Amino acid sequence: EPEVTQTPSHQVTQMGQEVILRCVPISNHLYFYWYRQILGQKVEFLVSFYNNEISEKSEIFDDQFSVERPDGSNFTLKIRSTKLEDSAMYFCASLLGGGLNIQYFGAGTRLSVL
Amino acid sequence: AQTVTQSQPEMSVQEAETVTLSCTYDTSESDYYLFWYKQPPSRQMILVIRQEAYKQQNATENRFSVNFQKAAKSFSLKISDSQLGDAAMYFCAYSYTGTASKLTFGTGTRLQVTL
């Protein structure tokens, strides 16, 4: 069964460093998302992406964040200068489109900022 | 803005018994989708069940069913014949029917399944 793949599973970084979280969505899906879950809290929407541009972004998704689909398969989230409060689980999701509106999630990347 | 509320931080059920998890939401939209996602200790979000707001019939997936009350903006999940593998965090989520709609999640209910 096709699945969303995220790498790495765990990323440790120093405050102020740049990180890139990678996702390979399901191959024929057209819509892509990033969500964040701080430990013990609810899952929060960050950004949605379609046709090579951002469709919607939340207040969390400030200038420190960017997304890119550099090729036909990868979808990345970059955090330019990480802060302690960026420590969280980051989930990528993809959606086929066409009405079912079901988002399929990857297993997540745990980001630890020290 | 849409909000999703799960008022039960934790629930417990004995194996083979039935449990109901509650969810309420607030929206001004008339057409939308509602979801229950399961998050086991592995942290992956797994879709359990989906309901389209324009459908009056409650969705069912094997042991999982929902009670969708549109007027009351209520969307509860019933798990029948609970199994140890059902132990997880359960999130209720909402999305409107627009293209590329984001999911808005509740705070989750941790379900414990005991022998």
Side-chain angles (χ1 to χ4, degrees), chain A residues 1-6 9-10 23 25-26 29-61 67 75 88-111, chain B residues 1-10 21 23-27 29 31-55 59 61 64 66 75 88-110:
Chain A
E1 184 176 321
E3 60 181 22
V4 177
T5 305
Q6 288 187 245
S9 57
H10 190 193
C23 170
I26 295 173
H29 283 195
L30 300 177
Y31 302 88
F32 314 110
Y33 307 80
W34 285 101
Y35 293 84
R36 181 181 82 174
Q37 186 183 30
I38 295 172
L39 187 63
Q41 298 186 22
K42 68 178 177 181
V43 179
E44 300 174 289
F45 168 76
L46 291 178
V47 66
S48 59
F49 192 85
Y50 169 72
N51 200 26
N52 275 324
E53 59 183 31
I54 291 174
S55 303
E56 186 178 358
K57 59 183 181 180
S58 71
E59 293 173 351
I60 304 167
F61 194 88
V67 289
F75 179 51
M89 196 78 168
Y90 288 81
F91 291 102
C92 174
S94 70
L95 181 153
L96 175 61
L100 278 184
N101 235 51
I102 296 175
Q103 294 184 28
Y104 294 88
F105 283 77
T109 292
R110 181 184 302 279
L111 178 64
Chain B
Q2 293 81 16
T3 58
V4 178
T5 302
Q6 294 179 249
S7 59
Q8 306 155 313
E10 288 191 17
L21 309 184
C23 173
T24 58
Y25 59 94
D26 189 25
T27 182
E29 302 287 337
D31 202 11
Y32 46 87
Y33 298 101
L34 295 164
F35 306 85
W36 280 97
Y37 277 89
K38 170 185 178 181
Q39 188 181 43
S42 65
R43 304 295 297 273
Q44 180 152 14
M45 301 287 287
I46 302 165
L47 178 67
V48 175
I49 199 163
R50 169 183 170 272
Q51 175 79 41
E52 296 171 61
Y54 70 88
K55 289 187 177 178
E61 287 288 342
F64 299 88
V66 298
F75 182 62
M89 198 75 170
Y90 286 82
F91 290 97
C92 179
Y94 163 101
S95 78
Y96 56 91
T97 55
T99 303
S101 309
K102 66 184 180 188
L103 287 167
T104 300
F105 286 88
T107 50
T109 297
R110 183 173 303 282

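For clarity, every value in this text was computed on a predicted model and none was experimentally measured. Quick note on labels: first sequence line is chain A, next is B, and so on, each numbered from 1.
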Checklist line | Proximity breakdown for B:Y32 and chain A, heavy-atom pairs closer than 4.5 Å | finding: neither
Next item on the list: Check each atom of B:L47 against the heavy atoms of chain A and say whether the ones under 4.5 Å are side chain, backbone, both or neither.
Entry: side chain
Check: Taking atom CD1 of A:I102 and atom OH of B:Y33, what is their separation to the nearest 0.5 Å?
Finding: 9.0 Å
Item checked: Interface moiety of B:E52 toward chain A, non-hydrogen atoms closer than 4.5 Å -> neither
Check: If only atom types and distance count, is the side chain of A:E56 paired as donor or acceptor with the main-chain N or O of B:S101 below 3.5 Å?
Finding: no
Check: Tell me, side chain or backbone of B:R43 under 4.5 Å from chain A's heavy atoms, or both, or neither?
Finding: both
Check: Which pairs count as salt bridge (charged side-chain N to carboxylate O under 4.0 Å, His left out) when at least one residue sits in residues 41-55 of chain A, sequence neighbours excluded?
Finding: A:R36-A:E44
Checklist line | salt bridge (charged side-chain N to carboxylate O under 4.0 Å, His left out) partners for A:R110, two or more places apart | finding: none
Margin query: Between A:G108, A:G106, A:G40, A:A93, who has the most heavy-atom pairs with chain B when the cutoff is under 4.5 Å?
Written below: A:G106
Checklist line | Side chain, backbone, both or neither of A:Y35 within contact of chain B (heavy atoms, under 4.5 Å) | finding: side chain
Next item on the list: State whether the side chain of B:Y37 and the backbone N or O of A:F105 hold a donor-acceptor pair below 3.5 Å, judged by distance alone.
Entry: no
Notebook entry, point to check: How long is the gap from CZ on B:R50 to CD on A:Q103, to the nearest 0.5 Å?
Noted result: 11.5 Å
Notebook entry, point to check: Looking at B:A93, B:S42, B:G106, B:G108, which has the largest count of heavy-atom pairs under 4.5 Å with chain A?
Noted result: B:G106
